[in-house]
Protein chains: 2
Amino acid sequence: MRKAKNLGEFEIIVLAALIRLGTDAYGVSIRQEIESRTGRAVSVGALYSTLSRLEEKNYVASRMGDATAERGGRAKRHYIIKAEGEAQLEKSVFALGKMLKGIKAWPETLKTLARL
Amino acid sequence: MRKAKNLGEFEIIVLAALIRLGTDAYGVSIRQEIESRTGRAVSVGALYSTLSRLEEKNYVASRMGDATAERGGRAKRHYIIKAEGEAQLEKSVFALGKMLKGIKAWPETLKTLARL
DNA sequence: CGATATATCTACTACATTGTAGAACAAATA
DNA sequence: TATTTGTTCTACAATGTAGTAGATATATCG
């Protein structure tokens, strides 16, 4: 297996979304979770290729589900974060936390945003 | 100027280092700050090219200083984060914070991020 | 004194990995 | 067949990273 490397920014976001969604995580719900929570647009392509790469790295597992009985209810591919993925996520977030911790100079804007 | 995009993971770390170091920020000190704080190795090339790109995006400014009177004291290039850089950093950190907030019992260090 | 060794730093080059968009494709119900 | 929900594929841009070369200062030894 490849040597563990640092996660990219979007990879961190996607892994976090997987944790949040638990068993409800699949392409569309993940995308919606990220968009509604961060307010930033996520293209389908960006999401699926990132998920695919995370799976290659053994950070995520996926399986095809059954089709649902609703119009257009095509079978979903369900994603779940693996232990390796959680460990890696923790490392990346830890590094970020170490760098950001205690910065007094956060502008007022951020504090305002943080209250929302 | 290019359209504002999301910061990469390493870009976030570098900008945070600039804030931490204030006027003491130059290639070597930035590198050391990141390495000692995160425990992760940073190659010189990685750092300078990232700084250079951040400068192109108008997130960072730099100026050449004078040579110091120590052996090998070549002139340093001093870096400082600009208002645009702080604003962009806020956005990225905010998005990450929104995704990470409350997802689990993060170790204490990580809560910094989740609190934002 | 001055050639050259050595230390501190920055700049350049090349390539790997991630990020992103959009069209194409698939499968279900109306 | 039309429409809706989803996923896969293709192509390219932006970031991440290592390694090497170059620049410029002080040290040192004949």
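Chain identifiers are assigned alphabetically (A, B, ...) following the order of the sequence lines, protein sequences preceding nucleic acid strands; residue numbering begins at 1 within each chain. Predicted, not measured: the structure shown is a model, and the values here were computed from it.
Taking the centre and axis of the six-membered ring of B:Y59, the NZ or CZ atom of B:K82 falls outside the cone set by 45° and 6.0 Å.
At the phosphate of C:dT20, neither OP1 nor OP2 sits under 4.0 Å from any side-chain N or O atom of A:S43. Distances shown here put a side-chain N or O of A:R77 below 4.0 Å from the OP1 or OP2 atom of D:dT8.
When all heavy atoms of A:K98 and B:R20 are compared, the closest pair comes out as O-NH1, 3.8 Å. Nearest heavy-atom pair, B:Q88 versus B:N6, reported as atom, atom and distance to 0.1 Å: NE2-CA, 4.3 Å.
Between the CD1 atom of A:I34 and the C1' atom of C:dG19 there is a distance of 12 Å, rounded to whole Å. Here C:dT8 presents its P atom at 17 Å from CE of B:M64, a figure rounded to the nearest Å. Distance, B:L54 CG to D:dG16 P: 8 Å, rounded to whole Å. Atom CZ in A:R63 sits roughly 16 Å away from atom C1' in D:dG6 (whole-Å rounding). Atom NZ in B:K5 sits roughly 15 Å away from atom C1' in D:dG16 (whole-Å rounding). In this entry the distance linking CD1 of A:I30 with P of C:dT20 reads 16 Å, nearest Å. Per the geometry, NZ belonging to B:K76 stands 12 Å off P belonging to D:dT26, to the nearest Å. Distance A:E56 CD to D:dC9 C1': 14 Å, rounded to the nearest Å.
A residue-by-residue look at A:Y26 and B:L47 shows that A:Y26 has its nearest nucleotide of DNA chain D further toward the 5' end. In terms of position along DNA chain C, the nucleotide closest to A:R40 lies nearer the 5' end than the nucleotide closest to the other residue of the pair A:A67 and A:R40. Each of A:R71 and B:S49 was assigned the nucleotide of DNA chain D with the nearest heavy atom; the assignment lying further toward the 5' end belongs to A:R71.
At a threshold of 4.0 angstrom between heavy atoms, the contacts of A:G27 are confined to the sugar-phosphate backbone, with no base atom among them.
Counting heavy-atom neighbours within 6.0 Å of A:L21 CG, excluding the residue itself, gives a total above 12.
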Apply salt bridge (charged side-chain N to carboxylate O under 4.0 Å, His left out) to residues A:R40 and A:E35 and explain how you reach the verdict.
CA-CA 5 Å; A:R40 114 184 186 194; A:E35 289 193 334; over 6 Å; no
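Between the side chain of A:R53 and the base of C:dG19, a donor-acceptor pair under 3.5 Å is found. Residue side chain B:R74 reaches the base of D:dA23 through a donor-acceptor N/O pair under 3.5 Å, judged by distance alone.
Checked against D:dT17, C:dT18, D:dT15, the side chain of B:K57 finds its nearest nucleotide in D:dT15.
Judged by distance alone, the side chain of B:S92 and the main-chain N or O of B:L89 form no donor-acceptor pair under 3.5 Å. Put simply, the side chain of A:T50 never gets that close to the backbone of A:E11: no donor and acceptor are under 3.5 Å apart.
Across residues 6-14 of chain A, A:G8, A:E9, A:F10, A:E11 each have a non-hydrogen atom less than 4.0 Å from an atom of DNA chain C (numbered order).
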